[in-house]
Amino acid sequence: MSGVFVSRTIAGAVAIALILATRVGASAQEPATKAALPSAGPAMSVGKSFTEVGGEALYAQVCAACHQADGEGAVGAASYPALTHNARLAAAGYSVTILVRGLRGMPPIGRMMTDTQVAEVVNYVRTHFDNHYDDAITPEDVKAARP
Amino acid sequence: MAEASGLSRRKLIAMVGAAAGSAAAYQVMTSLGFAEESPYRGPIRLDGDPKGASVLILGAGLAGMTAALELHRAGYQVQILEYNIRAGGRNWSLRGGDTYTELGGAVQRCEFETGLYLNPGPWRIPYHHHGVLDYCRRLGVALEPFIQLNHNAYVHNTTGFGGAPQRIRTVKTDFEGATAELLAKATRKGALDAQVSKDDQEILIEALRSLGGLDKDLTYRAGDTSSEFRGYARDPGGGLSARPVDGAPMGLHDILTSRLWRGLQNFLLYEFQTTMFQPVGGMGRIGEAFARALPPETIRYGAKVIEIAQDGHSVTATYQDTRQGGAVRQVQADWCVCALPLTVLSQIPTQVGAKMKAAIDAVPYAASVKIGLQFKRRFWEEDEHIFGGISYTDLPIRQISYPSTGYNTGGKGVLLGGYTWNGPGSYEFTAMSPAERVRRAVAYGSQIHPQYRTEFETGIAVAWHRVPFTLGCAGDWTAAARAEHYDNLCALDGRIMLAGEHASYIPAWQEGAILSALDAVSRLHKRVLAA
Ligand SMILES: Cc1cc2nc3c(=O)[nH]c(=O)nc-3n(C[C@H](O)[C@H](O)[C@H](O)COP(=O)(O)OP(=O)(O)OC[C@H]3O[C@@H](n4cnc5c(N)ncnc54)[C@H](O)[C@@H]3O)c2cc1C
């Protein structure tokens with residue numbers, strides 16, 4: 001075989017728009033923090049499990065790390081899927097399974113939550129971010145889904 | 001790297017020994033005495049003519065560049081596709097003037113003074129990581145000691161000792177002194193008669209007395225002997241103020257219930273034992289040196305791989321040229337060494353067999369956050385006499401590490417103001433804006449060093465799940481996943497071979513990335529010669 005690199009632009013391909021990791025508007029440079037302010041804002045968990053209460057707090061302090069505060073996900077060398085208007089959330093069990101078992105690079109963070117917390121955060125995501133799935137799941141459902 | 005639980009670490013280390021066998025191709029010999037150490041045994045030799053075969057390498061991290069360097073030396077044509085516009089991958093330093101944009105769009109400009117830096121990822125090298133050390137030597141990367149254990153740094157617990165940080169030296173000495181006294185006295189009373197011979201008991205008592213700082217009647221108490229270990233309430237001096245004052249040891253009950261002993265464990269682990277090293281000027285110097293050692297134009301930057309295909313003759317990678325408006329291009333070669341993180345590879349359509357695909361999908365990535373803080377002065381040295389080393393705390397920042405360079409020079413300094421590894425805090429810090437991470441690190445850290453409140457200037461925070469080129473910190477293998485998938489992950493699949501820290505038994509260490517690449521190219525070379 002040739003042993004020579006073949007490098008080409010795919011014939012006829014329109015250069016597709018570069019998907020920027022930076023979303024316009026969100027990229028304003030953060031001002032450097034200048035002083036040690038007293039601790040304010042939501043408490044951080046102490047110990048090995050999440051101590052947030054309720055779906056909204058769990059989403060904002062845990063899930064938003066990757067899926068972002070607005071549920072839009074993010075794109076870099078690979079991506080975090082947007083949870084907004086996400087048809088995969090239709091089946092209630094899908095998100096529960098991902099939380100307690102992980103999916104590809106995503107860690108099984110539901111293992112650091114109680115059954116109630118997992119149920120709350122799944123119910124929150126399935127009824128927010130333009131998702132309208134009203135069949136709430138219960139802590140018992142979560143318990144049954146754990147590995 | 002990982003501040004992982006000691007037990008699983010030790011298990012892994014034992015397994016590294018087992019992996020030595022598979023690396024035999026480039027080992028001169030493995031003696032049992034070395035079986036626990038890195039299987040690296042000196043520069044790899046790929047003898048035989050590859051007849052101009054080409055290898056496409058994906059990712060210019062240490063794994064990809066190790067593969068490229070060695071294959072090039074062996075006569076292959078090599079090319080690397082790299083998403084970033086710099087080489088090194090996780091091997092990276094953030095210096096004053098650098099700009100960093102994380103997933104989600106937040107931009108941070110590093111405002112550190114010239115010469116000061118944060119190593120957001122790898123920052124220390126154990127003496128037994130022979131592969132990393134050998135490449136540093138061959139590529140001219142100067143090293144200096146990284147101080148892991150500093151007896152004068154602190155262990156801190158929000159409830160123990162009223163939340164006051166305690167010197168590692170006193171906690172360690174007093175814990176060891178008190179336990180030595182208990183064991184020595186129990187031995188004397190005959191409590192060990194069933195297990196230990198009389199002769200050995202005498203030697204044991206002598207050893208405990210000698211190593212535990214006990215006095216003649218086997219008691220650990222304030223006095224000359226214990227002061228030689230734990231230090232003094234007032235140090236010996238000169239002239240009329242010369243006479244030292246002994247300090248009072250902490251009570252065993254207080255040490256036990258404060259849980260401060262937990263902060264001592266890392267210092268004992270094989271991975272963190274002295275001597276450790278860091279490159280002078282930042283860990284990123286290693287990646288830079290690798291890139292310089294490659295033939296010009298080997299690395300194509302701004303190339304985001306989006307598909308990998310193969311047939312009986314070649315491998316084709318499709319990528320977006322992010323510097324040309326995302327134009328889609330392809331590169332073809334005879335073989336491929338894919339050194340992309342699994343977080344990324346698991347999302348790229350890749351033409352490999354079901355077993356390798358399952359393995360690629362089986363590894364979640366650890367979460368980690370590092371926060372660098374610049375202060376107007378090196379108060380930890382000037383006020384507290386802490387030169388390098390790490391203070392461990394139960395606060396969400398988990399640790400504060402003092403710079404292992406530029407000691408005793410005055411002026412500004414950057415310390416590592418927080419370093420989390422998995423656990424809830426890693427995700428919570430990641431979910432915050434960078435400015436909030438920094439603000440919290442300053443607020444928490446001021447509980448240990450009140451000087452933070454007046455001396456803090458500027459900070460930068462890297463949350464690894466928001467790092468655009470890895471989407472996570474490092475492969476977080478479980479023993480069960482390893483048993484099922486590891487061999488399939490590392491096997492040659494047609495013309496594609498994987499490499500990277502995830503394809504090693506030393507995950508989350510640069511040594512794992514390098515050893516995986518050496519093992520991959522050795523096996524690939526054998527296959528090419530056999531073709
Ligand atoms: C917080 C932290 C602390 C650590 N501490 C230590 C330590 O103290 N000592 C130590 O030795 N190790 C440490 N490590 C581990 C060390 O950083 C890694 O093991 C090593 O750098 C991994 O090298 P690699 O080549 O396997 O992967 P990487 O360095 O991640 O290389 C992969 C490359 O692929 C590129 N890429 C990704 N996606 C694409 C795409 N779609 N197309 C093209 N290119 C792409 C990336 O940009 C990157 O350059 C630490 C890691 C972290 C995160």
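In what follows, every chain begins at residue 1, and chains take the letters A, B, ... in the order their sequences are listed.
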[X] portion near chain B, given a 4.5 angstrom heavy-atom threshold:
| X | answer |
| --- | --- |
| A:Met106 | backbone |
| A:Ser49 | backbone |
| A:Ala69 | neither |

Tell me, side chain or backbone of [X] under 4.5 Å from chain A's heavy atoms, or both, or neither?
| X | value |
| --- | --- |
| B:Val363 | backbone |
| B:Tyr76 | neither |
| B:Leu342 | neither |

Backbone N/O of A:Arg104 and side chain of B:Asp361: donor-acceptor pair under 3.5 Å: no
Exam field: side chain B:Arg90 to backbone B:Cys473, donor-acceptor pair closer than 3.5 Å: yes
Residue among A:Gln61, A:Lys48, A:His67, A:Met44 with most heavy-atom pairs under 4.5 Å to chain B: A:Met44
Electrostatic pair A:Glu140:A:Lys143 at N-O distance under 4.0 angstrom: no
A:Asp115/A:Arg146 salt bridge by N-O under 4.0 Å criterion: yes
Value rounded to 0.5 Å, distance of CD in B:Gln310 from OG1 in B:Thr316: 9.5 Å
Note, A:Tyr124 side chain near A:Leu58 side chain (heavy atom, < 4.5 Å): no
